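Note that the coordinates shown come from a computational prediction; the quantities given were computed from them, not determined experimentally.
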Amino acid sequence: MSYMMDIESEGSASLLMGDAFVNPFNYQLKIANGTETEIRTVDLVETFNYLLGLKVKHIDVIQNFKVVIGDLRTGERVLV
């Protein structure tokens, strides 16, 4: 997963850049389903934690920012 995240986060078209995190709990993503495409709402905070492989220990909201504390598989402690 982290390899895919490295590729996805390159360049200016990255999900991690721009307005994607203005409302991260209602981000609209186009999902291909065979020959059709449907729009689904995804929680970018949860998705980001999953892509990092983060084992979430604590979630808090500080000054309207969602703060996530957890551990990576390497044992490193992470603040997102």
Side-chain angles (χ1 to χ4, degrees):
M1 282 291 201
S2 66
Y3 171 74
M4 292 177 64
M5 178 132 170
D6 290 343
I7 291 172
E8 287 295 321
S9 63
E10 289 179 3
S12 61
S14 171
L15 172 67
L16 303 176
M17 301 179 81
D19 297 329
F21 282 95
V22 170
N23 193 351
F25 309 104
N26 291 312
Y27 185 73
Q28 300 280 305
L29 189 64
K30 291 181 183 177
I31 306 291
N33 186 6
T35 59
E36 298 180 8
T37 302
E38 59 183 284
I39 296 177
R40 292 209 182 157
T41 302
V42 295
D43 180 338
L44 289 182
V45 175
E46 183 177 330
T47 302
F48 189 72
N49 295 334
Y50 177 76
L51 289 173
L52 287 176
L54 186 67
K55 182 175 181 181
V56 176
K57 298 289 186 178
H58 181 76
I59 298 176
D60 202 355
V61 177
I62 301 173
Q63 296 181 1
N64 294 325
F65 287 94
K66 194 163 210 176
V67 177
V68 180
I69 298 171
D71 298 322
L72 295 176
R73 282 173 264 169
T74 62
E76 294 174 279
R77 190 114 211 215
V78 177
L79 172 70
V80 179

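- Think of I62 as one node in a network of Ile, Leu, Val, Met, Phe, Trp and Tyr side chains linked at under 4.5 Å; its network also takes in V67, I69, L79.
- Between the NZ atom in K55 and the CG atom in N49 there is a gap of 14.0 Å [rounded to 0.5 Å].
- Here the closest non-hydrogen pair linking I39 and K30 is CG1-CG, 4.2 Å.
- Counting only heavy atoms from C-beta outward, the side chains of D71 and E76 never approach each other to under 4.5 Å.
- Counting heavy atoms of neighbouring residues, nucleotides and ligands inside a 6.0 Å radius, atom CD of E36 does not exceed 12 of them.
- Taken from CG in L29 to CZ in R40, the straight-line distance is 9.5 Å, to the nearest 0.5 Å.
- I31 is connected to Y27 through a chain of hydrophobic side-chain contacts under 4.5 Å among Ile, Leu, Val, Met, Phe, Trp and Tyr, so both are in one cluster.
- One finds the CZ atom of F25 at 9.0 Å from the CG atom of L44 (value rounded to the nearest 0.5 Å).
- Of all heavy-atom pairs spanning N26 and T41, the tightest one is CA-CG2, 3.5 Å.
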